[in-house]
Protein chains: 2
Amino acid sequence: MAKRVTIRDVARAAGVSVSAVSQVLNGKGRLSSDTHRKVEDAVARLGYIPDSRARSMRSSHSRTIGLVVPQIRNDFFASLVSAVQDTLWRHGYATLIGSSFDDDERQDAFLHTLLTQRIDGIICVPTAHGTPGLEAVLANDVPLLFADRTIDGFETIPRVLADPEPGLSEALRDIHKHGHAKVAFLAGPATVLPTLAHRCDVFRAVATPLFGEDNILVRTASSPAELPGLAVQDAVEFGATALIFGHSPTTLRTLPYLVSTGLEPGRDMSIVSFDEVQTFSVYRPRISVISQQVAVMGESAALEMLALVEHADTADSSVASAADSHGFADASDADTADSILTSAEPPVPATKLISTHYIARDSVCPVPTHAA
Amino acid sequence: MAKRVTIRDVARAAGVSVSAVSQVLNGKGRLSSDTHRKVEDAVARLGYIPDSRARSMRSSHSRTIGLVVPQIRNDFFASLVSAVQDTLWRHGYATLIGSSFDDDERQDAFLHTLLTQRIDGIICVPTAHGTPGLEAVLANDVPLLFADRTIDGFETIPRVLADPEPGLSEALRDIHKHGHAKVAFLAGPATVLPTLAHRCDVFRAVATPLFGEDNILVRTASSPAELPGLAVQDAVEFGATALIFGHSPTTLRTLPYLVSTGLEPGRDMSIVSFDEVQTFSVYRPRISVISQQVAVMGESAALEMLALVEHADTADSSVASAADSHGFADASDADTADSILTSAEPPVPATKLISTHYIARDSVCPVPTHAA
DNA sequence: TTGAAAGCGGTACCAT
DNA sequence: ATGGTACCGCTTTCAA
């Protein structure tokens with residue numbers, strides 16, 4: 001297998017010019033059907049595979065999106081990745097995936113690699129903080145979208161998030177209906193993850209009218225590794241007969257502990273957890289969950305990113321002539337221009353909310369007669 | 001943010017030539033420490049990020065490896081991806097990940113994209129069959145490595161596989177020790193996946209001397225979706241009191257069915273499954289597993305691929321002069337030449353085996369007194 | 001030790 | 001409708 005087949009080889013074999021081949025391959029009209037056929041023949045005969053690097057260097061788009069998740073081994077993120085990748089794929093885009101392991105530096109290192117590849121955009125589930133890497137992405141004008149999480153100081157970044165309210169609300173009503181008087185919310189590392197902290201707030205807001213301020217308890221951890229034992233003890237002492245977990249990895253680590261304590265889920269203690277992970281549906285009792293509809297979230301994020309990318313494309317060329325230096329305001333203009341036709345600084349930083357929903361299963365039961 | 005910073009900008013800012021900058025960035029010695037500093041200053045000041053596309057076009061390597069797995073949502077493959085990516089990362093390589101969904105065409109489509117990107121090599125967990133896409137990879141001289149699975153007709157492709165023998169052997173001894181007389185092996189879609197078929201053979205080989213030919217049962221499915229009910233019924237009728245699953249997705253789908261039948265795992269029926277997935281360690285009883293050491297497998301595959309890539313690098317230049325047209329026979333020669341020390345042709349180990357091992361947990365118990 | 005210039009494989013623009 | 005060619009950003013070879 002000598003050298004790689006290039007577009008020039010194809011042109012030669014087809015007896016046409018290089019540009020003709022390029023045209024045909026990109027469907028840029030203006031070619032005779034005869035040329036068309038000759039080119040396609042040659043391509044097939046030679047097994048020509050275009051070089052997307054060369055292509056993207058000239059055309060300044062790579063049809064590739066970067067995707068950063070904390071942990072691909074986490075069922076939730078694996079599903080997110082799958083959904084994003086699948087959607088992008090359908091639209092002709094490839095996906096570059098990386099794990100940050102929830103570590104700022106790993107994340108930034110990967111972002112750097114992404115920048116290095118001149119991809120068209122980045123979907124990121126950020127670590128807890130803003131980082132230089134994220135700033136670099138912005139500084140390089142690469143479209144950025146947050147998924148599942150946001151961070152303070154990046155309010156201008158569009159994002160796709162789950163709205164915990166509907167799911168929490170349904171879950172709490174179900175628990176209430178089962179006669180429980182006291183509920184605890186174990187949020188996981190909410191001290192570090194704003195998303196989890198937000199769930200705490202929503203929990204309070206929804207649970208208070210239902211159970212009364214004195215009958216709800218919220219417990220957070222200050223790190224993902226913090227052992228759940230203490231929080232569970234607190235909840236038990238508090239008299240809670242139902243537990244809602246705001247973070248599935250925490251749930252997974254807590255379940256065995258709970259059992260070892262002698263508390264039987266779905267009998268002595270009702271359990272609800274965020275995230276529709278496989279283990280919960282196989283476990284006995286099957287664990288009720290608040291689904292974040294990760295597939296929907298992934299698809300949304302992908303579509304949102306595609307919109308950003310297309311928009312960036314057109315904005316770039318149209319703005320080039322008009323804008324003076326930054327052209328940031330102009331870009332914003334373009335966004336709103338579709339609804340209003342005057343001008344007016346428009347509300348660009350879009351937040352797209354995915355509704356959560358509650359899936360009732362065996363782990364939520366009536367209050368045990370013998371109070372735990 | 002006007003235009004992107006290029007190497008020329010850096011050169012200008014540093015007051016040196018473009019090639020000087022390139023040298024410094026690639027550590028190709030021969031520069032004065034003064035130039036060195038000036039360049040590094042400029043790079044930092046301008047926030048220069050090299051364009052890896054342009055770089056790889058000239059240098060003909062991208063430091064990127066493609067990775068194809070059947071399903072990233074499968075815990076096992078998610079872990080594999082994680083391990084591969086992590087290892088490659090440590091060696092300065094990026095990873096392009098894709099799911100084939102165990103579909104030939106999806107796989108080939110992704111392989112095509114990979115080819116399009118001119119990556120350095122491909123690690124693939126292939127679908128059940130050989131495909132045109134895989135042929136194309138070979139035809140384009142892209143180093144290919146199979147992980148976790150092989151397929152017929154691709155015997156020359158190096159591979160990293162799990163050796164089921166040690167794990168199965170230990171598991172069977174444990175089951176035997178617990179007094180079980182009859183064991184069944186539920187292999188999942190072994191009709192389609194050669195890897196699973198192989199496990200059946202190994203199971204027979206190991207189980208026969210221990211239990212006797214008449215006391216073992218092997219059941220396979222002809223598709224991944226085939227419901228496990230029938231196989232379980234067969235096993236029960238056969239009188240098996242211990243079940244070994246050769247395919248974790250099947251296990252996951254079967255457990256609920258088993259329970260619904262009234263058979264309590266770890267009491268009425270002993271259970272062992274392949275794959276160390278999270279659900280098994282959280283489940284009650286905790287499910288004994290035959291671990292494929294997926295982290296080791298992933299790391300091995302990554303390292304093996306790196307070796308292939310490095311080797312391809314050097315081989316390309318040296319072989320170029322020797323080989324006539326295809327050079328395929330030559331390559332085969334090289335394979336065998338490792339035992340002989342005449343030629344400098346390097347040794348390329350075709351198959352690397354990762355040892356499986358058994359992890360005993362609660363799901364394996366003594367034979368129930370009241371025969372099921 | 002350093003700089004100039006030739007490509008890598010495409011795309012896009014401008015002639016024809 | 002088609003072909004010629006500059007050029008994307010970088011590495012590499014060759015001269016100075």
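Note on naming: letters A, B, ... go to the chains in the order of the sequence lines (proteins, then strands), and numbering restarts at 1 for each one. Since we're looking at a predicted model, the values are computed, not measured.
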Quickly work out the [X] [atom1] to [N] [atom2] distance and round it to whole Å.
| X | N | atom1 | atom2 | value |
| --- | --- | --- | --- | --- |
| Leu115(A) | dG9(D) | CG | C1' | 15 Å |
| Asp51(B) | dC7(D) | CG | P | 18 Å |
| Met57(B) | dT11(D) | CE | P | 13 Å |
| Arg53(B) | dC8(C) | CZ | P | 18 Å |
| Gln23(A) | dG10(C) | CD | P | 15 Å |
| Arg58(A) | dC7(D) | CZ | C1' | 5 Å |
| Arg12(A) | dG3(D) | CZ | P | 14 Å |
| Arg55(A) | dC7(D) | CZ | C1' | 17 Å |

Through what angle, rounded to 10 degrees, does the axis of the helix from dT1(C)-dA16(D) to dT16(C)-dA1(D) turn between its ends, using five pairs per end?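 Inter-axis angle at the termini of the helix from dT1(C)-dA16(D) to dT16(C)-dA1(D): 40°.
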Does the distance from a Lys or Arg side-chain N to an Asp or Glu carboxylate O, for Arg12(B) and Asp9(B), drop under 4.0 Å? yes
If the threshold is 4.0 Å, N to carboxylate O, is there a salt bridge linking Lys38(B) and Asp34(B)?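 So Lys38(B) pairs with Asp34(B) through a salt bridge.
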If I compare all heavy atoms of Gly121(B) with all of Met305(B), which pair ends up nearest, and what's the gap? CA-SD, 4.0 Å
Pick base, sugar-phosphate or nothing for [X], based on heavy-atom distances below 4.0 Å to the nucleic acid.
| X | value |
| --- | --- |
| Arg8(A) | base |
| Thr6(A) | sugar-phosphate |
| Thr35(B) | sugar-phosphate |

Can you see if the side chain of Ser32(B) gets near the phosphate of dT2(C) - specifically, an N or O under 4.0 Å from OP1 or OP2?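 Yes, Ser32(B) has a side-chain N/O under 4.0 Å of OP1/OP2 on dT2(C).
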Using only side-chain N and O atoms of Ser22(A), determine if any of them is under 4.0 Å from OP1 or OP2 of dG10(C).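 No, no such contact exists.
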Where do Arg90(A) and Asp86(A) land on the salt bridge (charged side-chain N to carboxylate O under 4.0 Å, His left out) test, with the steps shown first? CA-CA 6 Å; Arg90(A) 288 200 160 72; Asp86(A) 201 50; 2.3 Å; yes
Say whether, by atom type as modelled, one donor and one acceptor occur between the side chain of [X] and the main chain of [Y] under 3.5 angstrom.
| X | Y | value |
| --- | --- | --- |
| Asp120(B) | Ile65(B) | no |
| Arg53(B) | Ser56(A) | yes |
| Thr95(B) | Ile97(B) | no |

Classify the side chain of Ser19(A) and the base of dG4(D) as holding, or not holding, a donor-acceptor pair under 3.5 Å. yes
Name the closest nucleotide to the Ser17(A) side chain, picking from dT2(D), dG10(C), dC10(D).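 In terms of side-chain proximity for Ser17(A), the closest of dT2(D), dG10(C), dC10(D) is dT2(D).
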Return whichever of Val18(A) or Ser33(A) has its heavy-atom-nearest nucleotide of DNA chain D closer to the 5' end.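 Its nucleotide being nearer the 5' end, the pick is Ser33(A).
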